[in-house]
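Structure record follows, encoded as structure tokens.
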Number of protein chains: 2
Amino acid sequence: MIPEPTGSPRSEAFAKIDPKFQMTVRDHVHRTLRAAILAGRFATGEKVNERSLAEQFGVSTTPIKEALRQLETEGLVEALPRRGVIIRFDMGWAEEMILARAALESMIAHLAAKRIGKPAGVELTAIADLMAKATSSADADSLISLNEQFHEHIHRSSRCGYLAKLIERQQFYDASIRRVIHMDPAERQKALEEHTAIAKAIVTGDADLAERQMRNHVVRSGETYLNIVFGNKKDI
Amino acid sequence: MIPEPTGSPRSEAFAKIDPKFQMTVRDHVHRTLRAAILAGRFATGEKVNERSLAEQFGVSTTPIKEALRQLETEGLVEALPRRGVIIRFDMGWAEEMILARAALESMIAHLAAKRIGKPAGVELTAIADLMAKATSSADADSLISLNEQFHEHIHRSSRCGYLAKLIERQQFYDASIRRVIHMDPAERQKALEEHTAIAKAIVTGDADLAERQMRNHVVRSGETYLNIVFGNKKDI
DNA sequence: ATCTGAAGTCTGGTATATCAGATCCCACAC
DNA sequence: GTGTGGGATCTGATATACCAGACTTCAGAT
């Protein structure tokens, strides 16, 4: 699992830490605020005060400002010059994030179907098989992890770094919500069928089919999440 | 064109300035750097130095940092904590930006076809008609402006604020490149046909058709841009 | 009572200072 | 020659200071 430098005799070598994993204050603030916004802990339109945030986090305003700039670019807050920043997230916004993710994931699935190699295809099928097992044994934790691996693997197979990054930013639910989803056996089964079909389409190189199925999967499961997070309603 | 407050007797009233139009140093830096990166004035992987940028712009590092944070979230630079930021833009990245835009614009076209009202549909048709006129008279400036209005109008008709914002960030060519494109009569004609077909599909409410046509339009015209900006090559 | 505008306050934008991780260089040991 | 490590230096991360635009309040004028 952990990559190991070659030729380190006698003693175990330690894996190099990815610089990206180092935590800075601004990243912490960014992640924390992002999670809070997506969890609905702010009302849309609500003003946030830089100094007050700085005080709450116990830091200066500099990293706060940087985090807010990131959230602004993500579209979760709006900055009015010299006036302040206001939260921009509600059910409509969440719906659109799902649509964006559907559009992008389906595009990436299309490319993955065209570009995936033989060994990666075997791996993807293997992940789908593990999902089948975890589904029948109702292993929610494994399902959450496998789900992540599944989409991850498709992203890698598509060889699209930019698109993969973009998709990450369209995620608004976390592991705890996923766990709730996987409680429902019908939902588990439905998701399994979709994942299996997507894997098959990608591995057999049917790009258009993979694209359609991925889109439907993301939209459908997204609606399930929406209902849980915001109560119910329907449109799209 | 300019909205006018009601009931201002005797003298012309001035439209309120949208606070978003106010320029701050960080916005200026952000836009300038973004344009420079997208114009290929940095090599991908190149390191940029905050102090040096601050000096070049004649400002302090604070707005520079904020602008870099925005670019980071846009995916145009990568920040390695405590090490600096490096440029991340090359032809592959540009291709993916086009694909992202294609995915998102087609999604928004789909929604616009479902949600557009009668009057907005008439307007869209009118824009398409103006495009036909501008095409036959080879009026490049009008075409550029109309093209903008066309997509703008579709965005509004879809009633998707988030998606529209997201799409804006996938734009990597500017008016000057567009002008080059519109020099070519064949390209002009092709674009007109596509725009006309998209408008028709949206106005008649054929969401799936609108989606397909928009996607093809964005990918095809994107490839034209790519060839101009990066020389030629093909894949996708 | 309503409107106007001057003064005070709040708060974001920018500049500057300081701290600490990362990198580079070179002397010194093997 | 190779490599190890101490220290100088560079530079990003954070804290702090200061400025100016925006909002609030309220006295005075009409």
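We name chains A, B, ... by the order of the sequence lines, and we start the count at 1 in each one. All values below come from the heavy atoms of this structure, side chains included, with hydrogens, waters and symmetry mates left out. Since this is a predicted model, take the numbers as computed values, not measurements.
With sequence neighbours excluded, no residue forms a side-chain hydrogen bond (donor to acceptor under 3.5 Å, both in side chains) with A/Glu148. By the ring pair (Phe, Tyr, Trp, His ring centres under 6.0 Å) test, B/His151 pairs with B/His195, B/His217, sequence neighbours left out. Residues that satisfy the side-chain hydrogen bond (donor to acceptor under 3.5 Å, both in side chains) test with B/His110, not counting sequence neighbours, are B/Glu211. With sequence neighbours left out, A/Glu152 forms a salt bridge (Lys or Arg N to Asp or Glu O under 4.0 Å) with A/Arg156. Residues satisfying the ring pair (Phe, Tyr, Trp, His ring centres under 6.0 Å) test with B/His155, not counting sequence neighbours, are none. Every residue meeting the side chain to side chain contact (heavy atoms under 4.5 Å, CB included) condition with A/Val25, not counting sequence neighbours, appears here in chain and number order: A/Val29, A/Val59, A/Pro63. Every side chain to side chain contact (heavy atoms under 4.5 Å, CB included) that A/Ile181 has, sequence neighbours left out, goes to A/Glu187, A/Thr224, A/Tyr225, A/Ile228.
Listed in residue order, the members of residues 73-87 of chain B having a heavy atom less than 4.0 Å from DNA chain D are B/Pro81, B/Arg82, B/Arg83, B/Gly84. A heavy atom closer than 4.0 Å to some atom of DNA chain D occurs in A/Arg51, A/Val59, these being the qualifying members of residues 42-59 of chain A. Residues from residues 25-34 of chain B placing a heavy atom under 4.0 Å of any atom in DNA chain C, listed by number, are B/Val25, B/Arg26.
Between A/Arg169 and A/Glu74 there is no salt bridge, since none of the side-chain N atoms of the basic residue sits less than 4.0 Å from a carboxylate O of the acidic one. A salt bridge between A/Lys165 and A/Glu168 is absent, with no side-chain N of the basic residue lying under 4.0 Å from a carboxylate O of the acidic one.
When only modelled atom types and interatomic distance are considered, B/Gln56 and B/Ser52 share a side-chain donor-acceptor pair under 3.5 Å. Judged purely by distance below 3.5 Å, without hydrogens or angles, the side chains of B/Gln149 and B/Ser145 pair a donor atom with an acceptor atom.
When all heavy atoms of A/Ile37 and A/Phe89 are compared, the pair lying nearest together is O-CD2, 3.3 Å.
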Could you go through A/Arg69 and A/Glu72, starting from their C-alpha distance and side-chain angles, then the distance that decides it, and tell me whether this counts as salt bridge (charged side-chain N to carboxylate O under 4.0 Å, His left out)?
CA-CA 5 Å; A/Arg69 235 72 286 137; A/Glu72 182 189 358; 3.2 Å; yes

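Nucleotides of DNA chain D lying under 4.0 Å from heavy atoms of chain B occupy a range whose first and last members, 5' to 3', are D/dT11 to D/dA22. On the nucleic acid side, DNA chain C has its first and last nucleotide under 4.0 Å of a heavy atom of chain A at C/dT11 to C/dA22, going 5' to 3'.
In this structure, B/Arg115 contributes its side chain and B/Ser158 its backbone to a donor-acceptor pair below 3.5 Å.
Among the heavy atoms of the strands lying under 4.0 Å from A/Thr24 are primed sugar atoms or P, OP1, OP2 only; no base atom is included.
Heavy-atom contacts from other residues, nucleotides or ligands closer than 6.0 Å to CD of B/Glu55 number 12 or fewer.
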